[in-house]
Amino acid sequence: LATGPRQNNSVFYEIRTYDIKPSKMKEFVEMVNKYFHLRTAHSELVGFWSAELGAMNKVVHVWKYENFAQRTAVRHALANDNDWQGKFISAALPLMEKQHNEVAYLVPWCQLGKPPKEGGVYEWVTFQMKPGGPALWGEAFRAAISAHINTGYTKLIGVFHTEYGLLNTVHVIWWNESPDHRAAGRHSAHEDARVVAAVRDSVRFLESQKNMLLIPLQCSPLK
């Protein structure tokens, strides 16, 4: 089943999460920085991060596709790209413990944003909502996100709703100047009656949530 309303175009985002062997994280990041231009020659990379808090030895990267036909063509081209396969894939796969991917759409009321400057940190928050999709919880969820935006302490980058993967999952990406700036902003938000009211309404539909603090890699367009 489709998971609910999305933006009125065929664009989607593939979210890839890799768990890297603890002793190989440094080597993996060095390989990404050296060879990832071979991958980005084929399709658009939105962002590439490593987890700093909330997870360890994990990387997350997001790819944009115009449609599923484009993704199929890109995957075929990558399989036949000898440089990519020889210089990166063959060396990188032994460094990984696990791979996971999802397909997600931007929610209709969100455009993909950019940070106001480079050098900050990203918070990746994953919400597992009750079955029923946005028809059930969409308005309350949007209100909770908007309440946090209105406090002004954080910058919304994107809100993604899964189409393939664990359904009724929403990923929200925020940008902050620093972990300390985020902590101070969160403290103030928790004392804001408007935020508290919006969150109380939305958690009626929430099953679980988790987050990670992410640091962009050198190759990431979102820095």
Residues L206, V203; criterion side-chain contact (heavy atoms from CB on, under 4.5 Å); working and verdict: CA-CA 5 Å; L206 180 66; V203 296; 4.3 Å; yes
Backbone of S178 reached by a side-chain donor or acceptor of N176 within 3.5 Å: no
Joint hydrophobic cluster, L213 plus L217, side-chain heavy atoms closer than 4.5 Å: no
F141 and F205 aromatic centres sub-6.0 Å: no
Donor-acceptor pair, side chain of K223 and main chain of Q218, under 3.5 angstrom: yes
Cationic N near anionic O, under 4.0 Å, E30 to K34: no
Output field: ring centroids F160/Y13 closer than 6.0 Å: yes
Counterpart residues, side chain to side chain contact (heavy atoms under 4.5 Å, CB included), relative to K130 (two or more places apart): L136, E207
Residue list, side chain to side chain contact (heavy atoms under 4.5 Å, CB included) with N9, at least two apart or on another chain: Q7, V11
Heavy-atom donor-acceptor pair, T154 side chain to W175 backbone, under 3.5 Å: yes
pair Q70-N67: side-chain heavy atoms closer than 4.5 Å: yes
Pairwise distance CZ(R204) to CE(M129) - rounded to 0.5 angstrom: 10.0 Å
Validation row: W124, W174 side chains within 4.5 angstrom (heavy atoms): no
Donor-acceptor contact below 3.5 Å, side chain S90 vs main chain Q85: yes
S188 side-chain N/O to A184 backbone N/O, donor-acceptor pair under 3.5 Å: yes
Euclidean distance, Y18 OH relative to K98 NZ, rounded to 0.5 Å: 14.0 Å
Point-to-point distance, once rounded to the nearest 0.5 Å, from OG1 of T169 to CD of Q209: 12.5 Å
Test log, rule side-chain contact (heavy atoms from CB on, under 4.5 Å), inputs V196 and D192: CA-CA 6 Å; V196 172; D192 187 315; 5.9 Å; no
Candidate pair K87 and L38, rule side-chain contact (heavy atoms from CB on, under 4.5 Å), full reasoning: CA-CA 9 Å; K87 293 179 180 179; L38 299 172; 4.2 Å; yes
Residues, nucleotides or ligands: over 12 heavy atoms within 6.0 Å of E97 CD: yes
Enclosure of H76 NE2 (heavy-atom neighbours >12, cutoff 6.0 Å): no
Other residues, nucleotides, ligands: >12 heavy atoms within 6.0 Å of R194 CZ: no
Test item: L45 and F36 side chains (from C-beta on) under 4.5 Å apart, heavy atoms: yes
Under 3.5 Å donor-acceptor, N101 side chain and I15 backbone: no
Co-membership, hydrophobic cluster, residues I149 and Y153, 4.5 Å side-chain: no
Closest approach of L112 to V46 (non-hydrogen atoms, all atoms of both residues): CD2-CG1, 3.8 Å
Shortest non-hydrogen contact from G132 toward W137: C-NE1, 4.5 Å
Side-chain heavy atoms of E123 within contact of R182, under 4.5 Å: yes
Within 6.0 angstrom of R16 CZ, more than 12 heavy atoms from elsewhere: yes
ILVMFWY network linking M56 to Y122, side-chain heavy atoms under 4.5 angstrom: no
Nearest atoms (heavy-atom pairs only) where C110 meets L156: SG-CD2, 4.3 Å
I173 with L53, same ILVMFWY side-chain cluster at under 4.5 Å: no
Steps toward side-chain contact (heavy atoms from CB on, under 4.5 Å) verdict (T72, R75): CA-CA 5 Å; T72 298; R75 301 304 298 174; 6.0 Å; no
Closest approach of P216 to L222 (non-hydrogen atoms, all atoms of both residues): CB-O, 3.4 Å
Value rounded to 0.5 Å, distance of CD1 in I89 from CG in D81: 10.0 Å
K117 side, atom NZ; E177 side, atom CD - distance, nearest 0.5 Å: 4.0 Å
For the student: nearest non-hydrogen atoms of L167 and T162, plus distance: CA-OG1, 3.6 Å
Same apolar cluster: L166 and Y164, side chain cutoff 4.5 Å: no
Polar side chain donor-acceptor pair, T126 to H171, under 3.5 angstrom: yes
If you look only at distance, which donor and acceptor atoms sit under 3.5 Å apart when one is on a side chain in residues 58-65 and the other is two or more places apart or in another chain?
unit_1 : atom_1 : unit_2 : atom_2 : d
K58    : NZ     : D19    : OD1    : 2.5
H61    : ND1    : W63    : NE1    : 3.0
Y65    : OH     : R39    : NH2    : 3.0

Minimum side-chain heavy-atom gap L95-K21 below 4.5 Å: no
Beyond-backbone contact of P221 with E44, side-chain heavy atoms, under 4.5 angstrom: no
Check: R142 main-chain N/O paired with S146 side-chain donor or acceptor under 3.5 Å: yes
Interatomic distance, M31 atom CE to K26 atom NZ [nearest 0.5 angstrom]: 13.0 Å
Note, V159 side chain near L106 side chain (heavy atom, < 4.5 Å): no
Side chains of Q99 and M96 in contact at under 4.5 Å (non-hydrogen atoms): yes
Least distance between heavy atoms, T151 atom then H148 atom: OG1-O, 2.5 Å
